Amino acid sequence: LWSVRYRGTLTNYYSLYEFPFDRQQLRVCIRPRFAMNMLRLRPDPERRKAQALGAEVVGWRFVSHNIIEHQTSEKSSLHGAQYSEAHILLVYDRAHETPVVNVFFVMFIVVVLSWMSFLMPPTSISDRLGVTLTMVLTAVALKYVASESLPQLTHLTYIDTYVLGG
């Protein structure tokens, strides 16, 4: 029995349609260069937790994982050999409290404050317009700040829809 610990950086494509309430899956496939008769990958039942895998990610909550031992077929191999593979699936939920407080709650306050113009006398047109325009500019600034925290996307996220609908 032989074990090795690796440390590295993994990248993955994230679907951000549901940001900040998204759930992402990180798939890792380990393939050795040796045939199965020389090296066989097997998960260690005592180290099956994400913490034991060293898979803690800042800003994310670990949900679940799955480790599957897999053998390739000899027909699919260039060398006619069978190889052992380990497929690891890690599932994470984004810690959404920060975007909720920084965007959703703040935008809610901006919208409620914009309603204050209806409490002013109808004859105070300049004051009502001043409050309304200030809140519109505040909402635009909030949208700009929220978009700076996301990568450039070709689609709208939940935050975009909320801010634009606000």
Side-chain angles (χ1 to χ4, degrees), residues 1-111 138-166:
L1 185 65
W2 174 65
S3 69
V4 175
R5 179 175 285 243
Y6 288 98
R7 179 175 288 238
T9 302
L10 303 173
T11 58
N12 194 31
Y13 169 76
Y14 292 130
S15 173
L16 296 175
Y17 283 103
E18 297 177 357
F19 177 84
F21 306 107
D22 52 337
R23 173 172 281 188
Q24 303 294 338
Q25 297 180 352
L26 176 62
R27 297 174 191 273
V28 179
C29 180
I30 301 171
R31 295 181 181 121
R33 294 182 181 186
F34 302 106
M36 201 164 134
N37 61 354
M38 295 177 69
L39 176 66
R40 185 168 184 178
L41 298 176
R42 288 190 179 175
D44 184 353
E46 295 178 13
R47 295 186 178 186
R48 291 183 71 98
K49 295 182 181 174
Q51 293 79 9
L53 291 171
E56 295 180 20
V57 181
V58 175
W60 296 84
R61 286 190 196 89
F62 174 74
V63 176
S64 66
H65 73 284
N66 192 10
I67 302 173
I68 300 170
E69 178 185 358
H70 178 72
Q71 288 89 32
T72 63
S73 71
E74 295 172 358
K75 293 178 183 177
S76 66
S77 170
L78 292 174
H79 304 290
Q82 191 174 17
Y83 292 89
S84 177
E85 294 180 343
H87 295 262
I88 304 168
L89 175 67
L90 302 170
V91 180
Y92 291 91
D93 281 342
R94 186 182 303 273
H96 60 269
E97 291 80 9
T98 301
V100 166
V101 170
N102 290 340
V103 177
F104 288 95
F105 181 71
V106 173
M107 188 63 188
F108 175 76
I109 297 299
V110 168
V111 169
T138 303
V140 168
L142 182 61
K143 169 65 177 125
Y144 178 75
V145 170
S147 68
E148 289 293 314
S149 66
L150 284 175
Q152 296 296 319
L153 301 172
T154 59
H155 58 273
L156 295 177
T157 64
Y158 280 170
I159 283 185
D160 296 326
T161 306
Y162 182 80
V163 170
L164 292 173

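Everything numeric here is computed off the predicted structure, so don't read it as measured data.
You'll find the side chain of Asp22 stays beyond 4.5 Å of the side chain of Tyr17, heavy atoms only. Side-chain atoms of Gln25 and Leu89, non-hydrogen and from C-beta on, do get closer than 4.5 Å to each other.
Around atom CZ of Phe21, more than 12 heavy atoms belonging to other residues, nucleotides or ligands sit under 6.0 Å away.
His96 approaches Pro20 most closely through the heavy-atom pair CB-O, 3.2 Å. Counting all heavy atoms, side chain and backbone alike, His155 lies closest to Leu16 at NE2-C, 3.9 Å.
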- Please lay out, stage by stage, how Val63 and Arg23 fare under the test side-chain contact (heavy atoms from CB on, under 4.5 Å). CA-CA 9 Å; Val63 176; Arg23 173 172 281 188; 3.6 Å; yes
- Quick one: do Ile88 and Ile30 satisfy side-chain contact (heavy atoms from CB on, under 4.5 Å)? Show the steps, please. CA-CA 8 Å; Ile88 304 168; Ile30 301 171; 4.0 Å; yes
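A salt bridge links Arg61 with Glu97: the closest approach of a Lys/Arg side-chain nitrogen to an acidic carboxylate oxygen falls below 4.0 angstrom.
Rounding to the nearest 0.5 angstrom, the gap separating the CD atom in Glu18 from the CZ atom in Arg94 is 11.0 Å. Distance check: Gln71 CD to Gln82 CD gives 6.0 Å after rounding to the nearest 0.5 Å.
Contacts of Tyr158 classified as ring pair (Phe, Tyr, Trp, His ring centres under 6.0 Å), with partners at least two apart in sequence or in another chain: none. With sequence neighbours left out, the side-chain contact (heavy atoms from CB on, under 4.5 Å) criterion links Leu156 to Asp160, Thr161, Leu164. Every residue was checked against the salt bridge (Lys or Arg N to Asp or Glu O under 4.0 Å) condition with Arg27, not counting sequence neighbours, and none meets it.
Tested against Met107 for a side-chain contact (heavy atoms from CB on, under 4.5 Å), the candidates Leu142, Asn102, Thr138 yield a single pass: Leu142.
Looking at Gln24, its side chain never comes within 3.5 Å of a backbone N or O of Val91 through a donor-acceptor pair. Thr72 places a side-chain N or O within 3.5 Å of a backbone atom of Tyr83 that can act as its donor or acceptor partner.
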